[in-house]
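Structure first, commentary second.
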Amino acid sequence: MAEQTLGIIKPDAVKKRVIGKIITRIEEEGFDIVRMKMLHLTKEEAEGFYAVHKDKPFYAGLTDFMSSGKIIVMLLERDNAINHWRKVMGVTDPAMADSGTIRHSYGFSIERNAVHGSDAPKTAEWEIKYFFKK
Ligand code: CMP
């Protein structure tokens with residue numbers, strides 16, 4: 001059954017000029033890109049998106065980084081979209097990510113890890129609304 005998830009190409013990957021490579025991979029993995037836009041988040045918008053992490057030690061750095069440059073947000077759809085996108089991204093820390101994953105190929109550090117994806121159906125619904133269904 002078709003499922004939706006939110007994908008983000010983060011500022012590090014935009015600056016590295018690998019948007020095209022990441023989008024090609026998304027299409028090759030069978031996702032439909034239902035909606036897509038380029039944005040430069042304010043610090044407040046980044047804080048709102050990552051509010052679930054507001055008590056974490058990395059929250060300030062993460063939200064500074066996510067508001068440091070342009071990002072691409074995408075509503076992605078295919079069967080098992082949430083888990084499949086997580087598999088294609090690889091684990092959060094690029095140093096631990098399997099070879100062939102996007103984070104292994106393009107990530108730099110646990111913070112500058114090239115892409116984001118929703119981690120569960122409830123989160124996906126909330127994250128998609130945050131960018132596309134306000
Ligand atoms: P993301 O999938 O966007 O979801 C939350 C983000 O927080 C995560 O990717 C990482 O970029 C970041 N993150 C998670 N753990 C750490 C950490 N220990 N240090 C810095 N950033 C982190």
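Note that ligands are numbered from 1 as they come in the structure, with each ligand's atoms numbered from 1 the same way.
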Do you know which of Leu6, Ile71, Thr63, Leu62 makes side-chain contact (heavy atoms from CB on, under 4.5 Å) with Phe49? Leu6
The protein heavy atom nearest to atom 17 (C) of ligand 1 is Phe58 CD2, 3.4 Å
In the protein, what heavy atom is nearest to atom 8 (C) of ligand 1, and what distance, to one decimal place, separates them? Thr92 CG2, 3.7 Å
Under 4.0 Å between heavy atoms, the region of Asp119 that gets near ligand 1 turns out to be neither
Decide yes or no on side-chain hydrogen bond (donor to acceptor under 3.5 Å, both in side chains) for Glu3 and His84, but give the supporting numbers first. CA-CA 10 Å; Glu3 183 180 66; His84 195 78; over 6 Å; no
For the 3.5 Å polar cut-off, considering only N or O atoms, please tell me whether Ile110 and ligand 1 meet it. yes
Considering non-hydrogen atoms of the protein only, which is the closest contact for atom 1 (P) of ligand 1, and what is the distance? His116 ND1, 3.3 Å
With a cut-off of 4.0 Å, which atoms of ligand 1 are near a heavy atom of Tyr50? 1 (P), 3 (O), 4 (O), 5 (C)
Closest heavy-atom pair, Gly48 versus Trp126, reported as atoms and distance to 0.1 Å, is O-CH2, 3.4 Å
Side chain or backbone, does Lys10 bring an N or O within less than 3.5 Å of an N or O on ligand 1? yes
Considering only heavy atoms, does His53 approach ligand 1 within less than 4.0 Å through its side chain, its backbone, both, or neither? side chain
Proximity to ligand 1 by part of Met89, non-hydrogen separation under 4.0 Å: neither
With the threshold set at under 4.0 angstrom, would you say Met66 reaches ligand 1 through any of its heavy atoms? no
Can you tell me how far OH of Tyr106 sits from OG1 of Thr101, rounded to the nearest 0.5 angstrom? 10.5 Å
Do Val52 and Ile110 sit in one hydrophobic cluster, given that two such residues count as connected whenever their side-chain heavy atoms are within less than 4.5 Å of each other, even indirectly? no
Test item, Arg86 contacting ligand 1 (heavy atom, 4.0 angstrom): no
With a distance cut-off below 6.0 Å to the six-membered ring centre and an angular limit of 45° from the axis, does Arg35 pair with Phe132 as a cation-pi contact? no
Are Val14 and Ile102 grouped together when hydrophobic residues (ILVMFWY) are joined by side-chain heavy atoms under 4.5 angstrom apart? yes
Would you mind reporting whether Pro94 and His104 have side-chain heavy atoms less than 4.5 Å apart? no
What residue and heavy atom of the protein are closest to atom 6 (C) of ligand 1, and at what distance? Leu62 CD2, 3.7 Å
